[in-house]
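Note: hydrogens, waters and symmetry copies are ignored here, and every other heavy atom, side chains too, is used. Below, chains carry the letters A, B, ... as their sequence lines are ordered, and counting in each starts from 1.
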There are 2 protein chains.
Amino acid sequence: MNSRQSNVRQRVVAAAAEMLARHGLNATSIREMIKRAKAPLGSAYHHFPQGKEQVVLEAVAFAGAQVSHSLERHLQAGPVAGLRSFLSMWREVLIRSDFRMGCPVMAVAVEEPVGEAAKRPLEAAAKVFADWEGKLAAALQVHGRDARSAAELATLIVASVEGAIVLCRARRSISPFDKVARQLEGLVHAQASH
Amino acid sequence: MNSRQSNVRQRVVAAAAEMLARHGLNATSIREMIKRAKAPLGSAYHHFPQGKEQVVLEAVAFAGAQVSHSLERHLQAGPVAGLRSFLSMWREVLIRSDFRMGCPVMAVAVEEPVGEAAKRPLEAAAKVFADWEGKLAAALQVHGRDARSAAELATLIVASVEGAIVLCRARRSISPFDKVARQLEGLVHAQASH
DNA sequence: GTCTATACGAAGATAGAC
DNA sequence: GTCTATCTTCGTATAGAC
């Protein structure tokens, strides 16, 4: 519980989030994440008694919260600004990693673990997506959209950005992302006031 | 090369595609796919000398071609019919698997293998996505859209459907998919003639 | 309380018996 | 040509020395 322990915890969670985004859930190993955090293997189970499932859960929540906070801040300037912040964050991840990193939340959702159920990380992923959609939808509604239309557009935004990330990684190109971004801006502009 | 070999090959590739869609790339093991094809482990390397990389590449191409053929057939009745076919295929996968299966092409794109490069499966995935987008874009263009708008909308369709699949798996619900589908139909209807 | 050393299973791949 | 048995590596997790 002292500050050194907290730092190790933070470093492990951050490393896990990066590994999830790059290599996927099953290739995100305790060994590697603890190594990146410069801590011995045994200490992983001291800080995270429930092992990998716990680290992954925290990594998803951590990455989700980062995006969520930025989204929330920029949405105060309206839905267009919020959308642009959401887009630029993911665009940056793709560019900086040379299209080798994606979304750590997605990673948890598309790999059903072989062993036991391990439902908790998946539920955390669902919560993160719902949070992003909810924040976008609320802003769209405040700016003149009815509840149903706002919710639908918010879901389209999250889905198409996540999907665009996949297309970009496959193609090793930002082009799909920019095509999607352009259209989303058009859709948000169309009915929401500035 | 006789028919029994071909059957084994086909069964292995089909099993691999299903495992990719459900468990992801790294959890798709040679052992399990050959077991599902009711063939001994050693024979995997007889039929697929390049091992897992080769099976995965063929599984991605196989799954991609299945979707592509259906898309092509329905697009002859126009872009709306093509979109509906694309949507209903993926909706069916989600419902029938109780939201435990996704897109095998995506699986390859979001998990950078830990070991060597293994670029071939990723390139196959890029080809599949480009094929789907190209077919959709061509149909949209024939039905009155300019080339740029057609290409952008085609990319949005593929990206948002792939992303919607992820959201549905996380939430264990078809609701995100239906929200996205509804909007895509609106967008295709808007400018493309029936 | 921290961490080294290890148990145990499963992965990809192959050698070599039939 | 087919397949059993095995090599090597890496995964999660823990026992027990300091």
Item to check | Nearest-angstrom distance from the residue atom CD of Gln54(B) to C1' of dG12(C) | outcome: 15 Å
Checklist outcome for this item: Sorted by position of nearest nucleotide on DNA chain D, 5' first, the leading residue of Pro49(A) and Pro40(B) is Pro40(B)
Item to check | Residues which pass ring pair (Phe, Tyr, Trp, His ring centres under 6.0 Å) with Phe177(B), listed by chain and number, not counting sequence neighbours | outcome: none
Checklist outcome for this item: To the nearest angstrom, the NZ-C1' distance between Lys38(A) and dT2(C) comes to 19 Å
Item to check | Asn7(A) vs Arg11(A) side-chain heavy atoms within contact, under 4.5 Å | outcome: yes
Checklist entry - In whole angstrom, what separates Leu25(A)'s CG from dT12(D)'s C1'? => result 13 Å
Next on the checklist: Does dT14(C) have OP1 or OP2 under 4.0 Å away from a side-chain N or O of Tyr45(B)?
Outcome noted: no
Item to check | Length of the line joining Asn26(B):CG and dC10(D):P, which is rounded to integer Å | outcome: 14 Å
Item to check | Axis bend over the full length of the helix from dG1(C)-dC18(D) to dC18(C)-dG1(D), computed from five pairs that close each end, to 10 degrees | outcome: 20°
Next on the checklist: Rounding to an integer number of Å, can you tell me how far Lys52(A) NZ sits from dC10(D) P?
Outcome noted: 16 Å
Checklist entry - Sequence neighbours excluded, which residues qualify as side chain to side chain contact (heavy atoms under 4.5 Å, CB included) partners of Phe62(A)? => result Val13(A), Ala14(A), Ala17(A), Gln66(A)
Checklist entry - When you check the phosphate oxygens OP1 and OP2 of dG1(C), does a side-chain N or O of His46(A) lie under 4.0 Å from one of them? => result no
Item to check | Contacts of Glu133(A) that satisfy salt bridge (Lys or Arg N to Asp or Glu O under 4.0 Å) - sequence neighbours left out | outcome: Arg171(B)
Item to check | Partner set under side chain to side chain contact (heavy atoms under 4.5 Å, CB included) for Ala138(B), not counting sequence neighbours | outcome: none
Checklist entry - Which atom pair, heavy atoms only, marks the closest approach of Gln141(A) to Ala150(A)? => result N-CB, 3.9 Å
Checklist entry - Between dA13(D) atom P and Phe48(A) atom CZ, what is the distance in whole Å? => result 13 Å
Item to check | Distance, rounded to the nearest Å, where His47(A) contributes NE2 and dG1(C) contributes C1' | outcome: 10 Å
Checklist entry - Do Val166(A) and Leu94(B) belong together in a cluster built from hydrophobic side chains that touch within less than 4.5 Å? => result yes
Item to check | Hphob cluster co-occupancy, Val142(B) + Leu75(B), side-chain heavy atoms under 4.5 angstrom | outcome: no
Item to check | CZ (Arg36(A)) with more than 12 external heavy atoms under 6.0 Å | outcome: yes
Checklist entry - Nearest-Å distance, CD (Gln50(A)) to P (dA13(D))? => result 11 Å
Next on the checklist: What residues from residues 27-37 of chain A pass a heavy-atom cutoff of under 4.0 Å to DNA chain D?
Outcome noted: Thr28(A), Ser29(A), Ile30(A), Arg31(A)
